[in-house]
2 protein chains.
Amino acid sequence: MRVILPAGTTETALIDGISAAGAAPELMEHTPSADVEILEYGRPTTTPVTPVSPNGCPTPAAVTRAVREVVGFDTTVVDAGLAQPTGAPTVELGVEPGADVRAAEAVPDAAAIFDRARSFGASLPEDDLLIGETVPGGTTTALGVLTALGESTSVSSSLPRNPIERKRRVVDEALAASDLEPGDCEDDPLAAIRAVGDPVQATVAGVAAGALESGADVTLAGGTQMVAVATALRHADVDEPLSIATTSFVEDEQSDRLGEACYRLNCELTVTDPGFGSRDHVAMARYCAGEAKEGVAMGGALSLVPDGRMDDVLDRLEAVCDRLGIDADGGPDSDPKTETNPKTEGDGGP
Amino acid sequence: MRVILPAGTTETALIDGISAAGAAPELMEHTPSADVEILEYGRPTTTPVTPVSPNGCPTPAAVTRAVREVVGFDTTVVDAGLAQPTGAPTVELGVEPGADVRAAEAVPDAAAIFDRARSFGASLPEDDLLIGETVPGGTTTALGVLTALGESTSVSSSLPRNPIERKRRVVDEALAASDLEPGDCEDDPLAAIRAVGDPVQATVAGVAAGALESGADVTLAGGTQMVAVATALRHADVDEPLSIATTSFVEDEQSDRLGEACYRLNCELTVTDPGFGSRDHVAMARYCAGEAKEGVAMGGALSLVPDGRMDDVLDRLEAVCDRLGIDADGGPDSDPKTETNPKTEGDGGP
């Protein structure tokens, strides 16, 4: 078992009104770089931001890291278009940050990225791979790809109140800028990603396709962003069994839509509820209130927790939150050395 | 505990007569890229070579990986001048391959590399770091740096018969090309590395210096190459406690010289004998015959094996060798998919 984490950025995250109210867009592009440091080292090491919302909700990377500290899985981060440096080790596939979906092409080299990621995925020796993502703005690009592929669906949000109508307007603009109608990319999913997607989608899809070709079992770890990737794979005639593992927070928001989408995609769906309601801790309370929900392979990581060990994960999560400067009963500490990034991307995106 | 592995190359490895007889120099530059794949994934995944000598001696990466499969330590590979792509994740510090030491400058930006590596080393949260290396040609550059610093010593070899006189002639030429006499860099170890060293030395020294500054315990995992790095650190007035951990194979060759060097450097020395003589396996027999000896943090990794678990490590090593196509009782399998690289760098270097 290995957790692969493509991490990247898209300028789509900077669109006004898409990002969380009060967010500082210039800090958001540091979030994936910080996320992978948290996953690798247990806290940010070189990035200037700590991805914690003003009211104390940490990035899902904190949860994935907590699971890792209990379960001990291997991780491999793939640079899928990071805009800022990171102190974590990354696999280099030559992926650049994505452009705004309202540009003519959001990911000009989507097909080349997919091919390189497919070779990488096929090269891995593991029989089981879990593939996550971290990309602010990722639910908007997910909606873009789903729409270009002609799939009617909704997408989730890292915010308690999903700005879904705003996302739809952005996607409408994005399709128009690419001279596309909904469904026009039905037979060419890489054209959908090129026009209105992001580089993380191309990377996740490529790694998954390569790993499936080489006989591995693949679980896409995420919510509606992974529904978009699975849809792209099915439209690319990748027919192998495929699973999606996500959190109860995404399911709570999406209700039956998530299960129906997985049924249509012939994807097995695993939903894990980490039982955050059992603790009196602000970070877990924020997730229970609908913040963040998913991201950085959180749902997939939680699915790896053996029976009876979730309490240990929650203990570790409290320890990770402590390292991130989150008091159990309040907002983030005022740590003069770190700037707090009010944007916690998740399944997420803005 | 985390094992940091700076991996890189120097064109010094291509000098005629330095590399192992019969070696194909153009394959040697793939060795560090393959080593880090073995460390990360348990076998080469994307590199076109498998670092196994014609008579069945695997790269020390196989041993370090075997220890990792038993002990389970975290690893972080730093790109310290890789010349060829690797499928393993690496920390990017902007380090380029080193030039031939007989050029005027072997590592033009040695000081900048050191600074970036120091920041990275200081950023790591662990209390204990073990820092290794993989760089073909590394014992020749070690001799170069030691000579430029005015330290009389010898260096080890990955070959049973150490071409030490050949290395001394190369170092003489290298110093002359840089307009230096032995000892001229006594007060400026980065000038020594710039003139006649390699980029891995600058990276290892920087990571060590940064980690020591931040209060971590640092063990340099290697033989005479790490003696050269420790010497550079002491000449840079880094006075914190420092340890060197290596294999019995290096000590067997160096006899008292190794302990004496560590005594002069005020470095604690740990030597581990993995007991390869107890197994009837070609890979272990080759190490007992003096091949490879050290490299890829092998000695440091072996020092982490708890009492009573070395037999498990040897079992795992047999499994890793099997993946590398090494028969227990013969040379490498003839696997048409992989080219065999006759150069197994180690403490090593050619």
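Numbered from 1 within each chain, the chains take letters A, B, ... in sequence-line order.
- Heavy atoms of B/Arg68 lying under 4.5 Å from chain A belong exclusively to its side chain.
- The local environment of CG in B/Asp127 is sparse, with at most 12 non-hydrogen atoms from other residues, nucleotides or ligands closer than 6.0 Å.
- Within a 6.0 Å radius of CG in A/Asp128, other residues, nucleotides and ligands contribute more than 12 heavy atoms.
- For a residue to count as touching a neighbouring chain, one of its non-hydrogen atoms must lie under 4.5 Å from one of that chain's; by this rule B/Asp74 touches chain A with the side chain only.
- Contacts of A/Thr75 with chain B are made by backbone atoms alone, with heavy-atom separations under 4.5 Å and no side-chain atom involved.
- The candidate with the highest count of non-hydrogen atom pairs below 4.5 Å against chain A, out of B/Thr86, B/Thr46, B/Thr76, B/Val78, is B/Thr76.
- Looking at heavy atoms from C-beta onward, B/Leu93 lies out of side-chain contact with B/Ser119 at the 4.5 angstrom threshold.
- Two residues are said to be in side-chain contact when any heavy atoms from C-beta on lie closer than 4.5 Å; A/Thr59 and A/Val296 meet this criterion.
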Start with the C-alpha distance between A/Glu92 and A/Thr90, add both sets of side-chain angles, then the distance that settles side chain to side chain donor-acceptor pair (under 3.5 Å), and finish with yes or no. CA-CA 6 Å; A/Glu92 290 307 313; A/Thr90 60; 2.7 Å; yes
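- Heavy-atom distances place the side chain of B/Phe120, and not its backbone, under 4.5 Å from chain A.
- For a residue to count as touching a neighbouring chain, one of its non-hydrogen atoms must lie under 4.5 Å from one of that chain's; by this rule B/Glu37 does not touch chain A.
- With a threshold of 4.5 angstrom between heavy atoms, B/Arg2 approaches chain A through side-chain atoms but not through N, CA, C or O.
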Mind running side chain to side chain donor-acceptor pair (under 3.5 Å) on A/Thr31 and A/Glu29 for me, showing each step along the way? CA-CA 5 Å; A/Thr31 298; A/Glu29 66 179 16; over 6 Å; no
